[in-house]
A.B. asks: 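There's a structure below that I have some questions on.
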Amino acid sequence: MAPTTKAVKKPARKKAANPLAHERVAAILDALQKAYPNVVCALTHRNAFELTIATILSAQTTDVGVNKVTPELFRMYPTPKKLAEAPLPELERIIRTTGFYRAKAKNIQGAARVLVEKFGGKVPQTIDELTQLPGVARKTANVVLGSWYGIASGIVVDTHVGRLSRRLSLTTQTDPVKVERDLEKVIPQDHWIQFSHELIHHGRQVCIARKPRCADCSLEKLCNSAEKTWTSDQESGLR
Ligand code: SF4
């Protein structure tokens with residue numbers, strides 16, 4: 001007969017407080033604001049046109065990588081009209097290091113053409129119009145509207161914003177559009193633009209994907225993520 005082992009009862013896990021409680025969300029926003037008081041979009045740009053093109057190029061690559069190619073691109077093709085008329089192989093050569101360069105070259109030229117043909121060479125100021133440009137989905141449109149025009153039309157959800165929002169229990173969704181919907185319910189609209197910038201910076205510098213630097217994190221006391229690598233183990237009452 002097999003020896004019996006007495007079952008050890010695990011201590012019941014303390015019921016988590018509401019992670020979407022107003023006070024908790026306000027504390028997260030406050031900590032982020034203090035950590036990144038003057039954070040802005042990391043893509044180099046001088047106008048809405050350049051920001052639109054740079055954001056299209058930033059798909060599947062880093063802002064640093066985009067910033068390496070855009071000086072030459074905008075020196076040679078500084079306006080939507082000039083970019084619309086550029087030889088495609090030349091565009092491919094300039095942006096080659098950003099990856100998926102053939103598709104991206106077509107998209108930025110297509111976007112420039114739509115700007116010229118439909119919008120008089122100006123970058124429009126609504127999601128519905130911006131998403132008519134090739135290569136521009138909701139995320140890119142939100143970047144342009146928020147960072148250039150200061151219009152809080154939505155929350156930019158990139159890989160960092162998605163991951164951190166889940167780690168901070170602000171959403172359980174993985175689809176960026178659903179994450180955005182969840183965030184928009186709990187983040188006050190006047191924080192939407194800055195919140196994205198702050199989370200993106202926090203995701204790059206501290207709450208990195210593989211091994212978050214929780215010991216250096218100003219949100220640590222507010223975070224109950226199972227992916228934490230360190231905990232102060234103190235009760236904040238806001239977790
Ligand atoms: S405590 Fe760790 S997992 Fe939580 S937000 Fe900070 S770095 Fe990310």
Side-chain angles (χ1 to χ4, degrees), residues 9-43 55 58 62-64 137-143 145-147 150-239:
K9 202 176 171 195
K10 278 189 186 172
R13 208 181 155 168
K14 203 175 147 196
K15 195 166 184 282
N18 176 13
L20 306 180
H22 172 76
E23 302 76 26
R24 179 177 183 271
V25 174
I28 289 173
L29 293 177
D30 192 48
L32 284 170
Q33 220 160 17
K34 285 194 176 117
Y36 309 103
N38 301 309
V39 71
V40 290
C41 177
L43 289 167
T55 311
S58 72
T62 62
D63 290 354
V64 173
R138 209 180 151 78
K139 186 188 90 178
T140 300
N142 277 335
V143 170
L145 291 172
S147 290
I151 298 170
S153 59
I155 295 177
V156 174
V157 178
D158 73 346
T159 180
H160 300 293
V161 175
R163 179 178 74 255
L164 269 69
S165 298
R166 285 186 291 279
R167 283 178 175 172
L168 290 167
S169 312
L170 298 176
T171 184
T172 55
Q173 301 289 345
T174 51
D175 175 71
V177 174
K178 290 180 182 165
V179 172
E180 187 185 348
R181 295 275 170 270
D182 280 354
L183 292 177
E184 284 169 5
K185 284 182 210 150
V186 293
I187 307 295
Q189 191 167 7
D190 59 347
H191 285 265
W192 286 3
I193 298 170
Q194 215 51 25
F195 177 73
S196 301
H197 289 318
E198 290 161 356
L199 276 200
I200 290 167
H201 270 70
H202 197 59
R204 283 183 180 144
Q205 293 172 13
V206 181
C207 192
I208 45 187
R210 284 199 196 147
K211 206 173 173 204
R213 294 171 42 218
C214 305
D216 301 321
C217 178
S218 52
L219 302 173
E220 190 275 326
K221 286 188 171 61
L222 297 161
C223 178
N224 269 329
S225 171
E227 295 175 86
K228 278 173 85 166
T229 54
W230 180 85
T231 179
S232 59
D233 209 23
Q234 291 166 5
E235 292 297 329
S236 72
L238 290 169
R239 289 185 185 186

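Nothing here was measured: the structure is a model prediction, and the numbers come from that model.
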A.B. asks: When rounded to the nearest 0.5 angstrom, what is the spacing between CD in Gln194 and CG in Asn38?
C.D. replies: 8.5 Å
A.B. asks: Decide yes or no for Val179 and Gln173: does some side-chain heavy atom of the first lie under 4.5 Å from some side-chain heavy atom of the second?
C.D. replies: yes
A.B. asks: Test side chain to side chain contact (heavy atoms under 4.5 Å, CB included) on Ser165 and Leu183 and set out the steps.
C.D. replies: CA-CA 8 Å; Ser165 298; Leu183 292 177; 3.5 Å; yes
A.B. asks: Measure across Cys223 and Leu168 and return the closest heavy-atom pair with its distance rounded to 0.1 Å.
C.D. replies: CB-CD2, 4.1 Å
A.B. asks: Can you list everything that forms a side chain to side chain contact (heavy atoms under 4.5 Å, CB included) with Leu20? Sequence neighbours excluded, please.
C.D. replies: Asn18, Leu170, Val186
A.B. asks: Mind checking the OG-CZ spacing from Ser153 to Arg138? Nearest 0.5 Å is all I need.
C.D. replies: 6.5 Å
A.B. asks: Rounded to the nearest 0.5 Å, what separation is found between the NE2 atom of His160 and the CD1 atom of Ile208?
C.D. replies: 10.5 Å
A.B. asks: Do the charged groups of Lys34 and Asp30 touch, with an N to O distance under 4.0 Å?
C.D. replies: yes
A.B. asks: Within this structure, what is the CG-CH2 distance for the pair Asp190 and Trp192, rounded to the nearest 0.5 Å?
C.D. replies: 10.0 Å
A.B. asks: How close do Ser196 and Val161 get, counting heavy atoms only, and between which atoms?
C.D. replies: O-CG2, 4.0 Å
A.B. asks: Hey, could you give me the CG/CD distance between Leu164 and Glu198, rounded to the nearest 0.5 Å?
C.D. replies: 11.5 Å
A.B. asks: Look only at the side chain of Lys178 and the backbone of Thr171, and say whether a donor-acceptor pair between them is shorter than 3.5 Å.
C.D. replies: no
A.B. asks: Determine the sole option in Gln189, His191, Glu184 for which the side-chain contact (heavy atoms from CB on, under 4.5 Å) test with Ile155 is passed.
C.D. replies: Glu184
A.B. asks: Any ring pair (Phe, Tyr, Trp, His ring centres under 6.0 Å) pairs touching residues 196-233, not counting sequence neighbours?
C.D. replies: Tyr36-His202
A.B. asks: Restricting to non-hydrogen atoms, name the atom on Ala42 and the atom on Asp63 that form the minimum distance, rounded to 0.1 Å.
C.D. replies: CB-OD2, 3.5 Å
A.B. asks: How far apart are the closest heavy atoms of Leu29 and Pro188, and which atoms are they?
C.D. replies: CD1-CD, 3.7 Å
A.B. asks: Going by the rule salt bridge (charged side-chain N to carboxylate O under 4.0 Å, His left out), which residues pair with Asp216 if we only count those two or more places apart in sequence or in a different chain?
C.D. replies: Arg213
A.B. asks: Closest heavy-atom contact between Ala31 and Ser218?
C.D. replies: CB-O, 4.0 Å
A.B. asks: Of Lys211, Arg166, Arg163, Arg167, which meets salt bridge (charged side-chain N to carboxylate O under 4.0 Å, His left out) against Glu227?
C.D. replies: Arg167
A.B. asks: Rounded to the nearest 0.5 Å, what's the gap from OG on Ser169 to CG on Leu222? Could you check?
C.D. replies: 10.5 Å
A.B. asks: Is the shortest side-chain N to carboxylate O distance from Glu180 to Lys139 below 4.0 Å?
C.D. replies: no
